[in-house]
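Data first, discussion second: the structure below is written as structure tokens.
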Amino acid sequence: MAILEVDGVRIAYDEYGEKTAGGHVVFIHGFPLNRTMWEPQVDALRGSYHIVTPDMRGHGASEAANGASTMERMADDVRALVEATGSAPAVVVGLSMGGYVALQFARKYPELLRALVLADTRAGADSDETRAGRFDMIQRVASEGPAAVAQAMLPKLLSQRAAAEDAELVVKVRRMIETTSAAGIAAALAGMAERPDSTPLLASIAAPVLVVVGAEDAVTPPEEAERLAGAIPRAQLAVIDGAGHLSNLERPAEFSSALREFLSELSAPEPAIG
Ligand code: MLT
């Protein structure tokens, strides 16, 4: 693990593969998880690509700063990391909260972006109800700690099948949540609650985009992914059968193969026109 200090905040990350390989891929995890959620994709791709997996501020081994961890602030952290690791232009892969951050990155730093992968995520801002739920959760995490967040979130993050049958995955996800600090969780909840609606941005994204969704995703269902892909000019959609919200962990081989196919299309020559 390496550390980059960004505006006085220590951001942890791992780096894999050779810079001379097929290009740079940066993976942004969901809430309230950490960089280790990308282990299956790192294993699948590290021989062919240069990979960077950061812990977003307040998650994993990265420090939390004072105030909300806004999606914009996290996108700035990713930019600092892309520059420090010589990873531009990068394919930015974000799942759920990672997708919110990836959209902010696309808005602010299009020149650093090779392509986007938006997994199990949405462009819209929170509804009033979702926002109120986040503020309740901020209270709960302060009084009951991260275990209460794990309890509330696990049934939404995993499909019913995974929750019932994949004990190892349940333990892994629970551990990621429970080892996130209460301060980091609260800061990310506040940041997500105030995130802007990215829908107006979608039509102007010039980079190729892969939208991925688990067919059983209860948080950002396939209809949401269809809307997202439909609003982005160069987007394609991959639906992962049998997977819930954490599609990359529930169906790692299928997710990695959709990703690999998208990445290899990026390096293929553009078809001749006319
Ligand atoms: C995530 O998986 O990152 C969260 O479900 C995002 C959210 O709470 O909106």
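Residues take their numbers from the sequence shown, with the count starting at 1. Start at 1 and go down the list; that is how both ligands and their atoms are numbered.
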| From Ser96, Gly94, Ala119 - option closest to atom 6 (C) of ligand 1 by heavy atom | Ser96
| task | Check ligand 1 against Gly30 and write out every atom of the ligand that is under 4.0 Å from a heavy-atom position of the residue. | result | 3 (O)
| Looking at Tyr16, is Arg46 sitting on its ring face, NZ or CZ under 6.0 Å from the six-membered ring centre and within 45 degrees of the normal? | no
| Going by heavy atoms in the side chains, are Trp38 and Ile51 under 4.5 Å from each other? | no
| Looking at atom 8 (O) of ligand 1, what's its closest protein heavy atom, distance included? | Arg134 NH1, 2.9 Å
| field | Ion pair check, Arg175 and Glu178, cut-off under 4.0 Å | value | no
| Is Lys156 in contact with ligand 1, taking contact as a heavy-atom separation below 4.0 Å? | no
| said: Run the side chain to side chain contact (heavy atoms under 4.5 Å, CB included) test on Gln160 and Glu216 for me, step by step, so that the C-alpha distance in whole Å, both residues' side-chain angles and the decisive distance to 0.1 Å come before the verdict. | reply: CA-CA 9 Å; Gln160 283 182 1; Glu216 319 287 324; over 6 Å; no
| request: Give the residue and atom name of whichever protein heavy atom lies nearest to atom 9 (O) of ligand 1, and the separation in Å to one decimal. | output: Tyr100 OH, 2.5 Å
| query | Are the charged groups of Asp76 and Lys108 less than 4.0 angstrom apart, N to O? | reply | yes
| said: Under 3.5 Å between any N/O of Met97 and any N/O of ligand 1: does that happen in this structure? | reply: yes
| field | Pair Arg134 + Asp126, salt bridge at N-O below 4.0 Å | value | yes
| query | Is Asn248 reaching over with its side chain to a backbone N or O of Met37, donor-acceptor style, under 3.5 angstrom? | reply | yes
| message | Using a 4.0 Å cut-off to any heavy atom of His245, which atoms of ligand 1 qualify? | response | 1 (C), 2 (O), 5 (O)
| task | Answer with side chain, backbone, both or neither: which part of Met56 has a heavy atom less than 4.0 angstrom from an atom of ligand 1? | result | neither
| Under 3.5 Å: N/O of Phe31 near N/O of ligand 1 | yes
